[in-house]
Amino acid sequence: MQIRFSQWSQWESRHAALIAIAKDSALQQLHQQHIVITPSEKALIRFHLDYNPSCERVYELPQWCNSNSLSQASHYVGDKSMILSMAYVQRPSNQSSPPSSPYYYGFHPASTSSAPGSSQPPHIKICWLRVTLSWILSGIKPEIAPVQIYPNRYARLSHALARHGCFKYDPLSEPILAHIVEDEDEPADNDNASRRDVTPELLEYVQAHTHECHTRLSRLQHVLEGAGVDARVLWKYTFAKNFVVGSGSLLGEEDVVRRIQDSEEEWCRKRISIFRRLGTTAGY
């Protein structure tokens, strides 16, 4: 299952509406000045300038376990600047609708195999959400790049794992996120902070999953950045989303990167041409 944070607050929705109105007004002004914008150019402008990666990014949720002891255990989902704590809550057999709470969300697996031993899918309970200020601002201004959440904790974890010969791990895997959340920040002059070790369970997990240190998403982001393309643009393209979540994509990694790169380069050329033709009216 995937989840996305699109239109996550009323004030962001109002901001997005104001941007859309401003762009509509600008396009109408261009029409009044007899500056010709073809339908394809108008669609291109909207496709690229309306894009907000914060509203399009997709998150894959942890697998649900039907065991009573694990069904309400905390799970973690995150990215570079966000960590979400959630839990699967099994609905009572006589309850057909979700609880009346803004923190519960219906979960509908594609098949009953996603919910072993039960015909009733669980609810998703949002426990808390921790983000950086840049994560919030990037939802308003996409040009603002989110920064790393808990950088000191990740640095301590990397140093601790390196002492055991582990240099590669997936920073967004659930055990790693759980460790980061449970870690505590200490003063920089505290020697114990830099010497803190990892638990045997986490070390065993990292050693067993070293080959999984790069996911489809992280590999794609790395290759895009190496090609000089902002990795956040990948959520703009449906074929890239399908590749990341493994949703029946027939494209390989190189094909996805090449199509994104070609599309972004084409937009860069056409944007310069269009804005040069429009002159000062292209401030939107």
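Here the shortest heavy-atom pairing between Gln207 and Cys166 reads CG-SG, 3.6 Å. For Arg219 against His214, the heavy-atom pair with the smallest separation is NH1-O, 3.3 Å. Nearest heavy-atom pair across Phe239 and Val256 is CE1-O, 3.8 Å. Summarising the geometry of Cys213 relative to Ser218, their closest heavy-atom pair is O-OG, 4.4 Å, with the distance given to 0.1 Å. Shortest non-hydrogen contact noted between Pro146 and Ser81 is CB-OG, 3.1 Å. Minimum heavy-atom separation, Glu253 to Val223: OE2-CG2, 3.6 Å.
Panel note: side chain Arg232, backbone Pro142; a donor-acceptor pair is recorded below 3.5 Å. When atom types are taken as modelled, the side chain of Tyr205 and the backbone of Pro175 share no donor-acceptor pair closer than 3.5 angstrom. Remark: side-chain polar atoms of Ser263 are not paired, donor with acceptor, to backbone N or O of Arg259 under 3.5 angstrom. Using modelled atom types, no side-chain atom of Asp230 and backbone atom of Val233 make a donor-acceptor pair closer than 3.5 Å.
Glu265 CD: more than 12 foreign heavy atoms inside a 6.0 Å radius.
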Criterion side-chain contact (heavy atoms from CB on, under 4.5 Å) on Met86 and Leu61, from CA distance to verdict: CA-CA 9 Å; Met86 50 161 284; Leu61 300 183; 3.8 Å; yes

List the steps and the verdict of side-chain contact (heavy atoms from CB on, under 4.5 Å) for Thr215 and Val244. CA-CA 9 Å; Thr215 62; Val244 169; over 6 Å; no

Taking it one step at a time, do His164 and Asp197 satisfy side-chain contact (heavy atoms from CB on, under 4.5 Å)? CA-CA 10 Å; His164 296 276; Asp197 207 350; 3.0 Å; yes

As a quick check of understanding, evaluate side-chain contact (heavy atoms from CB on, under 4.5 Å) for Asp183 and Tyr154, giving each step before the final call. CA-CA 10 Å; Asp183 195 5; Tyr154 271 106; over 6 Å; no

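If you chain together hydrophobic residues whose side chains sit under 4.5 Å apart, Leu137 and Ile83 never meet in one group. Tracing side-chain contacts under 4.5 Å through hydrophobic residues (I, L, V, M, F, W, Y), one never reaches Leu84 starting from Leu133; they form parts of separate clusters. Hydrophobic clustering, with ILVMFWY side chains joined whenever heavy atoms are under 4.5 angstrom apart, keeps Val131 apart from Ile144. Grouping the Ile, Leu, Val, Met, Phe, Trp and Tyr side chains by contacts below 4.5 angstrom, directly or via other members, places Val147 apart from Tyr150.
A distance of 3.0 Å separates OH in Tyr169 from OG in Ser158, rounded to the nearest 0.5 Å. In this structure, CD1 in Ile180 is found 9.5 Å from CD1 in Ile149, a value given to the nearest 0.5 Å. Distance NE2/His222 to CG/Leu224: 10.5 Å, rounded to 0.5 Å. If you take NZ on Lys125 and OG on Ser74, they are separated by 8.5 Å, rounding to the nearest 0.5 Å. With values rounded to the nearest 0.5 angstrom, Ile260 atom CD1 is found 9.5 Å from Phe243 atom CZ. With values rounded to the nearest 0.5 angstrom, Lys241 atom NZ is found 12.5 Å from Leu217 atom CG.
A salt bridge does not link Glu254 to Arg258: none of the charged side-chain nitrogens sits closer than 4.0 Å to a carboxylate oxygen.
Residues passing the ring pair (Phe, Tyr, Trp, His ring centres under 6.0 Å) test with Phe167: none are found, sequence neighbours excluded.
Side-chain contact between Ile176 and Asp170 is absent, with no heavy atoms from C-beta onward closer than 4.5 Å. The closest side-chain heavy-atom distance from Phe47 to Tyr237 is below 4.5 Å.
Ring geometry for His211 versus His209: interplanar angle under 30°, hence parallel rather than tilted (30 to 60°).
A side-chain donor from one of Lys236 and His48 sits under 3.5 Å from a side-chain acceptor of the other.
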